[in-house]
Amino acid sequence: MINRSMIQAAVTMGQLQSKLDLIGHNLSNSSTTGYKSRSADFSSLLFQQIDNLSHDHAKKGRMTPDGIRVGTGARLGHTNLNLNQGSIQQTGRALDVAIMNENQLFSIRVPGNDGDDIHYTRAGNFYMNPNGEGQVMLTDSEGLPVLDEDGESILINEGFSDIHIQQDGAIVVTRGGDRSVEGQLGVLSAVRPRMLEAVGDNRFKIPDGIEQEGIIEGVPQADIQLQSKALESSNVDLSQQMTEMMMAQRAYQFNAKSISTGDQMMGLVNQLRS
């Protein structure tokens, strides 16, 4: 005997587990620099219309549509990327920089088996790594090259005494008392942030097979607004995440109870038959 409520509950429980995993990921990154939280939206699966009214007089006084609609559960429709700005924390470190405008990202080159790929991040904790050719390269915390406005690695000749990142992303280097711009941070705008795919390590990319146009666009230097010697904190709202977690857990428990109740009812039916 098929119990529709048990099928519906089992399907929904699997999707609720995915939401709980997403919430757990947000909570574990509540202190990650530049982390952007994600939220889950659910949508209903197909439902079956059962028309069981055999007499017209049964419709009299009825306030709801005729028949019964039996659903088959809910599924995780999509996840939304929240690019709202997190709080700004002063660090005093010259290579720390925070993006002040929402929906803007740094670009990073990531080597792969099929060639280099471009990833995007809000984390601005950068470092200088020597390349063995008398130059240093600006990298992220994983040692991956940070790109300039032309999509190239940012290389600076060694021998400078001071380095500073300006509000417009210009990298100013001091040599022998003289200051000059020797690099420019590339900043891009996520026009359709929901299209970005999370790839781990606090980075995103455009899904394979989709063109960049209309999803990621360049930002003119005049529109770049950065804050040097500071980092953007995670934008995870702990109170909201805890509320979402409790609601998802209660929904999970409700559906589990539905399966348990259905099992007990089938047991009673089998006893009556015997």
Handout entry: Asn129 side-chain N/O to Val136 backbone N/O, donor-acceptor pair under 3.5 Å
Key = no
Practice task
Dump the intermediate steps for side chain to side chain contact (heavy atoms under 4.5 Å, CB included) on Met128 and Ile163, then the final yes or no.
Solution key: CA-CA 10 Å; Met128 286 292 187; Ile163 187 170; 3.1 Å; yes
Handout entry: Pairwise distance CE(Met246) to CD(Gln249) - rounded to 0.5 angstrom
Key = 8.5 Å
Handout entry: Polar side chain donor-acceptor pair, Gln241 to Asp237, under 3.5 angstrom
Key = no
Return all side-chain donor-acceptor pairs below 3.5 angstrom for residues 96-106, not counting sequence neighbours, or 'none' if the list is empty.
from	atom 1	to	atom 2	distance (Å)
Asp96	OD1	Arg93	NH1	2.6
Asp96	OD2	Thr91	OG1	2.9
Asn101	ND2	Asp223	O	3.3

Practice task
Report yes or no: do Ile165 and Ile156 belong to one cluster of Ile/Leu/Val/Met/Phe/Trp/Tyr joined by side chain heavy-atom distances under 4.5 Å?
Solution key: yes
Problem - Beyond-backbone contact of Pro130 with Glu158, side-chain heavy atoms, under 4.5 angstrom - result: yes
Handout entry: side chain to side chain donor-acceptor pair (under 3.5 Å) between Gln85 and Glu232, intermediate numbers included
Key = CA-CA 7 Å; Gln85 187 178 23; Glu232 179 186 5; 5.2 Å; no
Handout entry: Gln135 and Asn157: side chain donor to acceptor below 3.5 Å
Key = yes
Exercise for the section: Identify whether the distance between the nearest side-chain nitrogen and carboxylate oxygen of Arg175 and Glu182 falls below 4.0 Å. Expected result: yes
Problem - Hydrophobic cluster identity match, Phe160 and Ile154, side-chain contacts under 4.5 Å - result: yes
Exercise for the section: Report whether Ile259 and Leu16 are members of the same hydrophobic cluster (ILVMFWY, side-chain heavy atoms less than 4.5 Å apart, transitive linking). Expected result: yes
Practice task
Verify, without hydrogens or angle tests, whether Ser189 (side chain) and Glu217 (backbone) share a donor-acceptor contact under 3.5 angstrom.
Solution key: no
Handout entry: Closest approach of Gln90 to Ala230 (non-hydrogen atoms, all atoms of both residues)
Key = OE1-CB, 4.0 Å
Exercise for the section: Taking atom types as modelled, find out whether Arg109 and Ser153 have a side-chain donor-acceptor pair closer than 3.5 angstrom. Expected result: yes
Exercise for the section: Please lay out, stage by stage, how Leu231 and Asn125 fare under the test side chain to side chain contact (heavy atoms under 4.5 Å, CB included). Expected result: CA-CA 7 Å; Leu231 290 175; Asn125 48 331; 3.9 Å; yes
Handout entry: Under 3.5 Å donor-acceptor, Thr261 side chain and Ser258 backbone
Key = no
Exercise for the section: Step through the shown structure and confirm whether more than 12 heavy atoms of other residues, nucleotides or ligands are within 6.0 Å of CD on Gln212. Expected result: yes
Problem - Asp150 side chain vs Glu152 backbone, donor-acceptor pair below 3.5 Å - result: no
Practice task
Indicate, with yes or no, if Tyr35 and Leu27 share a hydrophobic cluster defined by side-chain heavy-atom contacts under 4.5 Å among Ile, Leu, Val, Met, Phe, Trp and Tyr.
Solution key: yes
Exercise for the section: Among Leu196, Ile118, Ile108, Val199, find the one that has a side-chain contact (heavy atoms from CB on, under 4.5 Å) with Lys205. Expected result: Val199
Exercise for the section: For the pair Asn26 (side chain) and Arg38 (backbone), establish whether a donor and an acceptor sit closer than 3.5 Å, ignoring hydrogens and angles. Expected result: yes
Handout entry: Donor on one side chain, acceptor on other, Ser234 and Asn29, under 3.5 Å
Key = no
Exercise for the section: For the residue pair His119 and Asp201, establish whether any side-chain heavy-atom pair is separated by less than 4.5 Å. Expected result: no
Exercise for the section: Would you kindly confirm whether Tyr252 and Ile23 end up in one hydrophobic cluster when ILVMFWY residues are joined by side chain heavy atoms under 4.5 Å apart? Expected result: no
Exercise for the section: Output yes when a side-chain donor or acceptor of Asn235 lies under 3.5 Å from a complementary backbone atom of Ser37, and no otherwise. Expected result: yes
Problem - Side chains of Gln167 and Gln225 in contact at under 4.5 Å (non-hydrogen atoms) - result: yes
